[in-house]
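Notes follow once the structure below has been shown.
What you see is a predicted model, and the numbers here were worked out from it, not measured in a lab.
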Amino acid sequence: MNRIQGLRYNPYALLAILVLLIVFVFGLLWTLIPAPPKSIVIATGFQDGLYYRFGERMQSSLKKEGVELQVLKTGGTQDNLALLADPKSGVDLAMIQGGVADVSQYPHFVSIAGMFYEPVWVFYRESSFKGVPDGLTLLTQLKGKRVSIGNAGSGTNSIAKLLLDTSGIKPTDLEIQTLTPQEGAAKLAAGNLDAVFVVAAAEAPLLKSFINLPGVQLMNFVQADAYTRALPFLTKVDLARGLLSIENDFPRLNRQMIAATATLVSRETISPAIVSLLLENAQAILKSYSRLQKQGEFPSINGLDFPLQMDSEIYLKDGPSFLHRHLPFWTAVWVGRFARVVIPILAILIPLIAYIPALRDLSLRIRLSRIYAELKVLERTAADPAAREASRQALADIQMRVNAMKVSSLESKELYDLKGHVNMVRERLKLDS
């Protein structure tokens with residue numbers, strides 16, 4: 001009680017200190033730990049591709065949490081990488097096909113997580129491979145054929161080129177066309193192509209363009225194990241008969257496939273709160289992607305080109321934080337931001353509070369020593385009649401200052417000792433008068 005008596009004499013000073021402290025804390029909140037953005041942009045792919053559809057579903061899910069996700073149509077992975085690398089594009093997130101990016105060109109990119117498998121589908125006209133008993137099973141069988149390897153800027157284009165090169169096939173060994181999946185399906189149906197490369201998830205709507213084409217079948221990658229060893233970003237997946245269409249019995253036989261992993265990528269400066277929000281909503285969305293992947297297999301840390309973002313690693317290992325499990329998104333964000341600033345401040349202030357009594361004691365001793373120094377001077381001049389009147393006035397001033405001093409009960413002894421010494425000097429001045 002006595003320790004705060006001094007403050008009670010000036011309540012406005014206490015109020016000013018509190019206001020300054022609040023302003024300081026919230027100033028730190030806004031500068032050191034900025035709030036996550038309420039609007040973000042994701043670069044996806046073609047409108048009938050799964051990248052775009054995934055973006056739309058994420059958009060609807062995030063809207064419920066008060067975050068606006070703008071879904072941008074693009075030509076595919078290469079376009080997405082370029083947009084994410086350009087700070088003026090406004091793009092914050094990008095869907096990237098595994099194995100396409102040259103990681104060294106994008107040192108500030110991080111993976112949020114792998115989202116789903118994207119098999120390499122090679123659709124071919126059966127009539128173009130009449131002399132092959134089991135149909136198309138080796139990429140070397142494409143030599144001399146008319147083949148679409150995907151439009152420029154797409155992940156399909158990059159992976160198709162890589163697979164052909166790995167298979168020892170030169171660009172001059174076949175007639176290459178760079179078409180979109182829709183254009184490839186149309187030419188395949190018209191008999192103007194022999195095969196079309198498409199890299200997309202089994203749930204991608206664009207695959208429907210190939211399922212109903214008469215005389216078209218799906219390549220069986222009999223060398224799937226060899227490709228996954230030569231190109232580690234690929235995964236071997238088994239495609240059951242009729243998986244793409246039970247009604248059309250497509251494919252007609254079980255197939256071995258090789259698949260890249262579609263990855264959600266961002267810059268390393270992405271807000272940790274947004275990372276948690278994206279992963280939480282992605283988990284709910286990906287429950288319906290069950291044709292090729294096992295339940296709970298995605299979001300995944302496997303098959304990533306870029307380093308895994310730190311907060312993603314924590315989330316995928318331990319799940320959402322306590323706050324995000326029990327509070328609405330924005331409430332959890334604000335509580336978390338406040339705690340991240342206040343806790344370090346308290347960690348600094350609490351030890352300092354322990355030094356307050358020592359500082360008060362030091363302050364009191366400094367004041368007392370100054371007064372004792374003045375008393376010593378007065379005592380020396382007590383025998384001088386010429387200085388006696390001035391000494392009495394100086395002593396009266398000292399007496400007023402001593403009477404005005406406020407100390408705690410633990411410091412009362414020092415104050416009363418001082419008052420006794422002041423009286424001793426006063427008596428000395430009287431005796432010498």
Side-chain angles (χ1 to χ4, degrees), residues 28-44 51 54-55 57-59 61-71 80-81 83-85 87 90-96 98 101 103 106-116 261-287 289 296-345 347:
L28 282 178
L29 277 173
W30 285 108
T31 54
L32 298 181
I33 309 175
K38 291 190 175 183
S39 178
I40 52 180
V41 180
I42 181 171
T44 56
Y51 284 2
F54 178 77
R57 293 186 65 180
M58 188 70 83
Q59 179 186 55
S61 186
L62 295 188
K63 187 175 182 180
K64 299 174 185 177
E65 303 285 357
V67 176
E68 180 187 0
L69 177 66
Q70 299 178 42
V71 183
N80 295 351
L81 287 168
L83 287 168
L84 189 60
V91 170
D92 305 290
L93 302 164
M95 291 300 298
I96 303 298
V103 178
Y106 309 100
H108 303 298
F109 285 8
V110 290
S111 297
I112 303 301
M115 293 297 166
F116 43 82
T261 299
T263 307
L264 183 62
V265 175
S266 74
R267 288 182 286 272
E268 61 187 3
T269 53
I270 187 170
S271 164
I274 291 295
V275 170
S276 178
L277 183 65
L278 290 169
L279 290 173
E280 180 182 357
N281 286 272
Q283 283 183 329
I285 293 171
L286 296 176
K287 288 179 181 178
Y289 292 25
E297 187 175 0
F298 289 91
S300 171
I301 62 173
N302 300 317
L304 309 179
D305 292 333
F306 297 99
L308 186 63
Q309 202 269 352
M310 181 177 62
D311 298 283
S312 292
E313 184 176 5
I314 295 172
Y315 185 99
L316 294 173
K317 180 181 178 181
D318 303 325
S321 67
F322 176 84
L323 293 177
H324 285 285
R325 280 199 304 268
H326 296 91
L327 296 174
F329 174 69
W330 285 106
T331 303
V333 166
W334 277 100
V335 172
R337 292 176 74 204
F338 186 80
R340 288 173 67 184
V341 169
V342 171
I343 290 175
I345 292 175

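Contacts classified as ring pair (Phe, Tyr, Trp, His ring centres under 6.0 Å) and involving residues 264-284 (residues at least two apart or in different chains) are not found.
A donor-acceptor pair under 3.5 Å links the side-chain atoms of R267 to the main chain of L84, judged by distance alone. Remark: the backbone N or O of V110 is not paired with any side-chain donor or acceptor of E268 at under 3.5 angstrom.
The ring-ring contact (aromatic ring centres under 6.0 Å, His included) test applied to Y315 returns no partner, not counting sequence neighbours. Residues forming a ring-ring contact (aromatic ring centres under 6.0 Å, His included) with Y106 (at least two apart in sequence, or on another chain): F109.
Looking at M58 and N281, their side chains come closer than 4.5 Å, going by heavy atoms from C-beta outward. Here the side chains of I42 and Y51 are not in contact, with every heavy-atom distance at 4.5 Å or above. The shortest side-chain heavy-atom distance between S312 and S111 does not fall under the 4.5 Å cut-off. At least one side-chain heavy atom of L62 sits under 4.5 Å from a side-chain heavy atom of L278. Contact check for N80 versus V265: no side-chain heavy atoms found under the 4.5 Å cut-off. Contact of the I270 side chain with the Q309 side chain is registered, since non-hydrogen atoms from C-beta on lie closer than 4.5 Å. In this structure the side chain of T263 never reaches within 4.5 angstrom of the side chain of D305, judged on heavy atoms.
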